[in-house]
Amino acid sequence: MQIFLQNSTIWGGKMAGKGTTNLHIKDGVIVAMGPDIESPEGVDVLKDLVVCPGWLDLGVQVGEPGWEVTEDLQSVAMAAAHGGFTCIAAQPNTFPVRQGKSEILFLTQNAPKGPVQMIPLGAVSEGGAGKNLTEMMEMHEYGALGFTDGLHPVSDAGLMMRALQYVKTFDGLILNYPYDTSICRDGLIHEGFISTSLGLKGIPSLSEEMMVHRDIELVKYTGSRMHFNGVSSAGAVELIRKAKESGVRITATVPVLNLVYTVDQLTEFDSTYKVLPPLREKRDQMALWEGLKDGTIDGIISNHIPVELEKKKLEFPYAAFGASTIESVYPLLSSLAPVSISPQEWVNWLSIGPRKILQLPSIDIAVGGQADLTLLDPTGSTRRMPEDFFSKSKNIPELNTSFRGKIVGVIHQNQMQIFNQL
Amino acid sequence: MNSLSTKHLLGIKLLNEKDLRLIFETATSFKEVINRPIKKVPSLRDITIANLFFENSTRTRISFELAEKRLSADVVNFSASASSVTKGETLLDTVNNILSMKVDMVVMRHPAPGAPFFLAKHIDANIINAGDGTHEHPTQALLDAYSMMEALNSDLSGKNILILGDIMHSRVALSNIFCLKKLGANVKVCGPPTLISPYLKQLGVEVNYQLESALRWADVVNVLRIQLERQDIKYFPSIREYASNFGITKELLNKMDDKKVILHPGPVNRGVEITSEVIDGPHSVVLQQVENGVAIRMAVLYLLAASRDKN
């Protein structure tokens, strides 16, 4: 594998803001770098792109095994690459649930040989049912970098406490999707004026804040590490901010849709925007941005939940939650973010932050370093016809449009995937 | 020619005040028609209407059917329990099959909020919402407002209307609120706090948890049915406690200084939200509501069919 990246703008790291440069990548390693180096003969050249340390997505449902009708490892790898991700953390909500050594090995051994690395997350509880702890020590030994019941919040405080205690043997990470379902059973959208005027059961911000508060107290008590994977409310951001200030070992990420949309998307019962955590109000959206800007929130996740259209194109209450978003993070943020995003912020929120959560080293774009890169063109545009997407599920917001910003490709693991004609 | 601003009747929320006034005026003409010895007019002679009821209904279904027949429309009826449909054929397939038989208008009742919006997005016929879960029941709100105006012999602007009972699970409450606010009425709701959304005030209504003081304020009371079938958990401890705190009784009405107009969308849980003495007594206009329901539905069907001709 060889490629020459000519006249590239580097985002993040020591090279940021120092003008354009050229990179020669060979056998997965950056072998030469500098404005004056020339492309070796016979090597393909990509010009005038932004080169970014490879992005990592902590919120991905991979489908396989069990839900191949929605996604499989091959399709999710292509979709991730198309979204600019060189690494994804696979949520354990497969069938069977990824809850032991054999399921961890299934993922690591079957992950496609390409530029997208798949990191296994294991379940906290058997079957994701929230009752009995899984064999987290063994899963850790076989490569699981975190434990979560994924789409299912751990409701039982005692179980969560024991999970946090148990992983202390290896300073493990527990991830939770903070959502106390007991106060909003069968909630469909954010509770507020719109849910009331649509006659839909609401999901109050309180349901998220209560569980964030509970988990912060549990982390204080156990001294373990916890990550909130997908916060959506202003109240939760504030709780996390205060806890972080007092040194509690927590981190948080926010789903891309909650950064670009509000509950206003739902006034005509469009099930495309029926997602968890729910889209909330403008003040929540802006609080999430503020949280990102001041470091309260550590990164952005796609919250990629592929759902077949048969389960989505239904009357609103019957439609499944979730959106296929892994290919949309960059174009949605480039086009719809209500604030400006600096090059360093892109890197912080999509590469450095998520990697820190999993205690992975940051990627340095330097001679001799492994090439783990996301290539993008901020001036390009992304066409969003259903056939343009690699995800098997087309529950994708903003279909049949075109958005600013284009992912050109990814390079990682001595492999590359380029979506432009060379 | 006067026409509605919309192709469908999905909810009162999407109508403007002019639409409401036009429906009421048209209903008045039709009310005269249905009191003639020959109650039928040929207005919808070439129109085929499908009544799709995915949820139980007696009076709304009969009222629509009667309205359609009085307008000389061809009518097909389809009833199915929602569960049998969700298990097999999707709503869209069911409706598309029926539309392939060249149906022009669809009257639909469905347990899912927003189901008529879903349908309107995917099919070409005019859709009339005959109640969608806990969202809206627009023709009920129209006939309620019409009946209130008739009973008060006046416009509703500045009038005090109390909606009492299970506000949270009631599509009638929501449609009534939208309709009455558009007509300039003052709206208050009363019921157990567990059955009133904390965000209801943002719709421009007042909330009062004390029935007697709320009743004293009101010119008209629309008493809602307790929707036990839509309550997945217990929102109040017992029917007994509900009835003694939020039920309308003759004794309570006797304490009032002025006569109240009492409406109920039916079916009535006699002795729970309202006693038989009241529902059958001089305050009640429930039977006028039923009669007005046919006229209102004739008006809606007629006006939507007219918009179809225009298109």
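The sequence lines fix the lettering, A, B, ..., with proteins before strands; numbering per chain opens at 1.
Shown here is A:E268, whose CD atom has no more than 12 heavy atoms of other residues, nucleotides or ligands within 6.0 Å. Counting heavy-atom neighbours within 6.0 Å of A:K394 NZ, excluding the residue itself, gives a total above 12. By the neighbour-count criterion of 12 heavy atoms within 6.0 Å, atom CG of B:D93 is densely surrounded, having more than that number from other residues, nucleotides or ligands. Within 6.0 Å of CD on B:Q202 lie more than 12 heavy atoms contributed by other residues, nucleotides or ligands. Atom NZ of A:K392 has more than 12 heavy atoms from other residues, nucleotides or ligands within 6.0 Å. Heavy-atom contacts from other residues, nucleotides or ligands closer than 6.0 Å to NZ of B:K18 number 12 or fewer.
Heavy atoms of A:E310 lying under 4.5 Å from chain B are absent altogether. Interface residue B:L200: backbone and side-chain heavy atoms are both found under 4.5 Å from chain A.
Between A:S197 and B:L203 there is a side-chain heavy-atom pair separated by less than 4.5 Å. Contact of the B:E136 side chain with the A:L198 side chain is not registered, since no non-hydrogen atoms from C-beta on lie closer than 4.5 Å.
The residue among B:S197, B:A112, B:P116, B:P198 with the most heavy atom pairs within less than 4.5 Å of chain A is B:A112. If you tally non-hydrogen atom pairs under 4.5 Å between each of A:L200, A:L188, A:D270, A:L314 and chain B, the highest count goes to A:L314. Comparing B:F178, B:Y199, B:F118 by heavy-atom pairs within less than 4.5 Å of chain A, the highest count is held by B:Y199. In terms of non-hydrogen atom pairs under 4.5 Å with chain A, the most contact-rich of B:K201, B:M168, B:H122 is B:H122.
To the nearest 0.5 angstrom, B:I167 atom CD1 is 12.0 Å from A:T196 atom OG1.
Aromatic ring centroids of A:F269 and B:F117 lie under 6.0 Å apart.
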